[in-house]
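Convention: sequence-line order gives letters A, B, ...; per-chain numbering from 1. Owing to the predicted nature of the structure, the values given are computational and were not obtained by experimental measurement.
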Amino acid sequence: MNLTNNLKHSTANCIQQLYGVQIQPAQVLVNATNPEFEGDYTVVLFAFVKQLGKSPEILGNELGAAMVAEMKGLITQFNIVKGFLNFSISNDFWFEYIKNANPENLLPSNNHPKKIMVEYSSPNTNKPLHLGHLRNNFLGWSIAEILKLQGNEVVKTCIVNDRGIHICKSMIAWQLFANGATPADTKQKGDHFVGDYYVKYNDAYKAQVAELVAGGMTQALAEKEAPIQKGAQEMLLKWEQGDAETLDLWKRMNSWVYEGFDATYQKIGSDFVKTYYESNTYLLGKELVEQGLTKKVFYQKEDGSVWIDLTGDGLDEKIVRRKDGTSVYITQDIGLAEVKQKEFNTDVSIYVVGDEQNYHFKVLKLICQKLQLPAADGIYQLSYGMVELPTGKMKSREGTVVDADDLVDEMINISKEKTASLGKVSDFTPAQLSELYNTIGLGALKFFLLRVDPKKKMIFNPEESIDFHGFTGPFIQYTHARIKSILRKTGTDINLSLNELLPLEKALAIELSNFPAVINEAAETLDPSKVAIYTFNLAKLFNSFYAELSIANADSEEKKNLRIQLGILTAATLHKGMRALGIDVPEQM
RNA sequence: GGUCCCGUAGUUCAAUGGAUAGAACGGAUGUUUCCUAAACAUUAAAUGCAGGUUCGAUUCCUGCCGGGACCA
């Protein structure tokens, strides 16, 4: 239990003893004391003033005295300002904390570990990954890592949308325009190669429509009649009928795409325990639709289509099977939820999916609940906002998509230039340099996308967003490298003896002690930005400490050892925190 | 038409109903005989509008204005 929780329990306890009133510890608000007042932690009393019929002054005095008595040796004194009860924590407590903290074990304890699935990435096979996918991948990976740090068992999965009309568009364009070319021939990454044919399809389609319109056809009709469009539809039909030639081409082109994806995933550090393919799962919901009809969860309309009425839950009616018997998007998801549950039997299943699908997931969970599927209650969408450009949304048709591979490469290049201009790593081998550029470039990118509350849409400005100063990954990486550099010089073989703590030393100890609570909070709210903000604040605090107080040349051996220990703990915490974001921290930079 | 989300310094982001709304970038000014200046210190600058609830509202409620998403 951390100190904040201790204070909450003690507050509840003392109120119970003094006034016989029951209060839940969770109701007690404990904050860090505002720096302009004396104290370390503050209990906010206003909430209890009315309930207990006491003025804040009297309540504060009685409660403060009782808590000092109860937590003797821990709390040294208290003061009251309006309704704020400020407690000072003893120097010895913080010293003991610093002395006993184990840099190898900084994590929260968890008595109720869960088995949690995190599904993320979810690409289409007709286009390469873009900036939006990067946010998804980084979020998914990070939240999985944070949940692991909290002590849970995590299964990372991916669903690949590998079928449908959009894939057929790439396929027909390839047949028409490629002359049998392959990614190997053109020395192109497979996903980009296939994506280019998707673009070529759209160009050809537009040209054909324009031609038909010029020949006197209406726009609407032309859009239906364009030969390439008809070709794609025929191809989809052949695919569904299992036509061997079509399937061969489909497999061949998808394998190119997967090769490209794998390269990107490896570069950005995404991995999966299991990858599902929609081509294998898209029929799975059908059985459940039949069951739902029997259970009268669904009903059939006169035209034969199958629906569910969710108006009682504040939503609409939703179709789950078309009149021609084909399943819709949500039917597939119901089937997949069931399959995943059978395979992994998880307590919770988190889907990392953009907020444009909020409604879809609300419906999905409701339907699963009404069907009484075991997976139902565990379904949770980690909904994240769009990444927009200063000019607005990314639009592939207008060529304003920021390509994931391009962006990653650019970040690495910038980190290379920046590192070279500082000239601090002249002793690195070429391989070490290359690794360092990757670490810094990806660190900057990941941190940039993860430092914002996932729920909010964010703006990415290609010119201005790339920064290596201030609230960035490289700032924290630099702080870590700097600590490591100092520790290499001072050594880390130390013996700690009791010290009076200076304000900056104490502030660092307090900040360090918050780490487990931050991990818990990030895990509970599925919000890696909490970890990003925390690591930044810790690094900033250490940099102030560093500028103010010398470690290697401290006034006394005791001080030196104390500060070395603070350095060890800070470095370890930054390392753990950044790893939770999928970011490495270099030993030197 | 219905449902949902979002409006905070010039810009990008913070702030479980709590003390004088924090950071970063950009702007201004300083700090390098001493442990990594990708750093540190000082400084100017913001809650869309109008009501309401509350001891206290960026946060909750209502209306309006502006931006976005989804469902037909």
Proximity of A:F46 and A:F84 rings by center, below 6.0 Å:
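Yes, the ring centres sit under 6.0 Å apart.
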
Quick one: [X] [atom1] to [N] [atom2], roughly how many Å, whole number?
{"X": "A:L449", "N": "B:U12", "atom1": "CG", "atom2": "P", "answer": "16 Å"}
{"X": "A:I551", "N": "B:U36", "atom1": "CD1", "atom2": "P", "answer": "10 Å"}
{"X": "A:Y384", "N": "B:C70", "atom1": "OH", "atom2": "P", "answer": "13 Å"}
{"X": "A:K489", "N": "B:C34", "atom1": "NZ", "atom2": "P", "answer": "11 Å"}

Which nucleotide, in any strand shown, forms a Watson-Crick or G-U wobble pair with [N], with both distances under 3.5 Å?
{"N": "B:C64", "result": "B:G48"}
{"N": "B:A69", "result": "B:U3"}
{"N": "B:U42", "result": "B:A28"}

When rounded to the nearest Å, what value does the distance between C1' atoms of B:U53 and B:A39 take?
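Pairwise C1' distance, B:U53 against B:A39, rounds to 48 Å.
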
Which whole number of Å gives the distance between the P atom of B:A14 and that of B:G48?
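One P to the other, the span is 15 Å.
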
May I ask you to evaluate whether [X] reaches the phosphate of [N], defined as a side-chain N or O under 4.0 Å from OP1 or OP2?
{"X": "A:H469", "N": "B:A39", "answer": "yes"}
{"X": "A:K456", "N": "B:G7", "answer": "yes"}
{"X": "A:K484", "N": "B:C35", "answer": "no"}
{"X": "A:T42", "N": "B:A19", "answer": "no"}
{"X": "A:N543", "N": "B:C40", "answer": "yes"}
{"X": "A:R451", "N": "B:A24", "answer": "no"}
{"X": "A:K50", "N": "B:C55", "answer": "yes"}
{"X": "A:Y546", "N": "B:A37", "answer": "yes"}

Using a strict heavy-atom distance below 4.0 Å, which residues from residues 311-323 of chain A are in contact with RNA chain B?
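The answer is A:D316.
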
Grab the two heavy atoms, one from A:A509 and one from A:L566, that are nearest each other, plus how far apart they are.
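Answer, listing the atom of A:A509 first, then A:L566: N-CD2, 4.4 Å.
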
Centroid under 5.5 Å and tilt under 30°, A:F46 to B:G18:
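Check passed, A:F46 stacks on base of B:G18.
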
Report yes if the side chains of A:P454 and A:D527 come closer than 4.5 Å at any heavy-atom pair, otherwise no.
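Answer yes - side chains close enough.
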
Sort and list the pairs that fulfil salt bridge (charged side-chain N to carboxylate O under 4.0 Å, His left out) and have at least one residue in residues 471-487 of chain A, not counting sequence neighbours.
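Qualifying pairs: A:K484-A:E587.
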
